[in-house]
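I have placed the structure first, in the form of structure tokens, so that the comments after it can refer back to it.
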There are 2 protein chains.
Amino acid sequence: MVNTAATSASDRILEAAKRVFLLKGMAGARMQDIADEAGMNKAMLHYYFRNKEKLFDVIFREASSQFFPRIQSILDSELSLEEKIRKFCSEYIDLCLKNPYLPLFLLNEVNSKPEGFIKKLWKNKDSPFSQFSKAIAAASPGLHIQPGQAAHIFINMLSMCIFPCIARPIWMAANDMDESQFMRFMEQRKTEVPRFIIASITK
Amino acid sequence: MVNTAATSASDRILEAAKRVFLLKGMAGARMQDIADEAGMNKAMLHYYFRNKEKLFDVIFREASSQFFPRIQSILDSELSLEEKIRKFCSEYIDLCLKNPYLPLFLLNEVNSKPEGFIKKLWKNKDSPFSQFSKAIAAASPGLHIQPGQAAHIFINMLSMCIFPCIARPIWMAANDMDESQFMRFMEQRKTEVPRFIIASITK
DNA sequence: GTCTATAACTCGATAGAC
DNA sequence: GTCTATCGAGTTATAGAC
């Protein structure tokens, strides 16, 4: 009744938790930080999410689903291979620029999970990765793609889109870049990376 | 006198600290874990390194100097550009395979350092990154390298060598790989990545 | 130098008033 | 639902015997 504010308490907690967890990770985050960020006190976090781990799980799942499934929809589209590559690079570079802490957060937390856990991210379905690899292989007639190379091409694409964003502080410092120079550099990459990939394939 | 063992106490602490810090990061590591790993008790860690932060700093510096300066020596060599690329990829893939937690550890901790800190890694010298970029630009006569592309080529190379190692758990799960299959995949990349880069340049 | 014991503190979690 | 107060476990760090 009273809470006609833009967001409910639990939503404000989730937003705050996302900021703090993505920045500091599970181990580095403090419930107090999240409470401060959300403008309320610790007891509220426990009232809504019971404990830190459950709150973290919600954030982790949300972050995962924001990052991984996009691959699928691009894959399923009716575009040509070259168009798929262009679209993929453009979307993933944008995603990383708009969520600077997302990739490193996911890589970290996946690394600290027990073995079997990761496979559950894709349940019984094929992983988007292996599907994309197959799509590249299938689209290869006329191109110079050797069997077994599809996987390399795919992870090359992922690497060139994502890595510069996670190495951003080092890259900026090493090249004396400011914020806007880095942004321009990454904008260039939306065309440079596809050009690079396609050149190496069609040579 | 007595300690004719292979390693001194402080060395054993450093080795243990490296394992624990690289695996769990500053926030996730426990002094008790390090003590256990080193086969002694917590008081010893404080005796030799005063506190957790100072111990961490030693590890961080060592890890940094293990990772970054190699670029320089390859750059300074008298090899052709193509040979430099091949050597760089081969060495960095090996480095990452032999130190699986090193790249993610550095990326994480660099991200959580205050702004100005990073530049101090290269003191007053040019960063190896910008130097390598210049070398690629200088070696470009006869190749199809546009001005401003050198930086892209260089970070492409870094990305394709390092990223697959930090995304290893996801990549293995997504492709149903076991340990030895992944190792073979990365061995292939020592030639695949240079081939990929050179193809895109000489097209 | 090395160990045990413990102080000092941080942090997640709960109890209970409103 | 929201807040204050506090408990109790876990951690860093130190004191002090040997």
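Letters A, B, ... are given to chains in the order of the sequence lines, protein chains preceding strands, and every chain is numbered from 1. When reading the values below, keep in mind they use all heavy atoms of this one structure, side chains included, and skip hydrogens, waters and symmetry mates.
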Legend entry - E179(B): salt bridge (Lys or Arg N to Asp or Glu O under 4.0 Å) partners, not counting sequence neighbours: R168(B)
Legend entry - Pairs involving residues 101-110 of chain A, ordered by first then second residue, that meet side-chain hydrogen bond (donor to acceptor under 3.5 Å, both in side chains) (sequence neighbours left out): N108(A)-N108(B)
Legend entry - Within residues 41-62 of chain A, residues whose heavy atoms come under 4.0 Å of DNA chain D: N41(A), A43(A), M44(A), Y47(A), Y48(A)
Legend entry - Nucleic acid contacts of residues 22-32 of chain A, taken as heavy-atom distances under 4.0 Å to DNA chain D: none
Legend entry - Set of salt bridge (Lys or Arg N to Asp or Glu O under 4.0 Å) partners for E83(A), sequence neighbours left out: R86(A)
Inset, instruction - Could you state the atom-to-atom distance from CG of D33(A) to C1' of dT10(C) in whole Å? - result: 12 Å
Inset, instruction - Please list, chain by chain and in numerical order, all residues satisfying salt bridge (Lys or Arg N to Asp or Glu O under 4.0 Å) with D176(B), sequence neighbours excluded. - result: K119(A)
Legend entry - Residue pairs fulfilling salt bridge (charged side-chain N to carboxylate O under 4.0 Å, His left out) with at least one residue in residues 48-66 of chain A, sequence neighbours excluded: K18(A)-E62(A), D57(A)-R61(A)
Legend entry - Partners passing salt bridge (Lys or Arg N to Asp or Glu O under 4.0 Å) against E192(B) (at least two apart in sequence or in another chain): R195(B)
Inset, instruction - Indicate, with yes or no, if the rings of F49(B) and F56(B) have centres closer together than 6.0 Å. - result: no
Can you give each donor-acceptor pair under 3.5 Å made by side-chain atoms of residues 19-34 of chain B, sequence neighbours left out, with the distance rounded to 0.1 Å?
unit_1, atom_1, unit_2, atom_2, d
R19(B), NE, E37(B), OE2, 2.7
R30(B), NH1, A27(B), O, 3.4
Q32(B), NE2, D36(B), OD1, 2.9

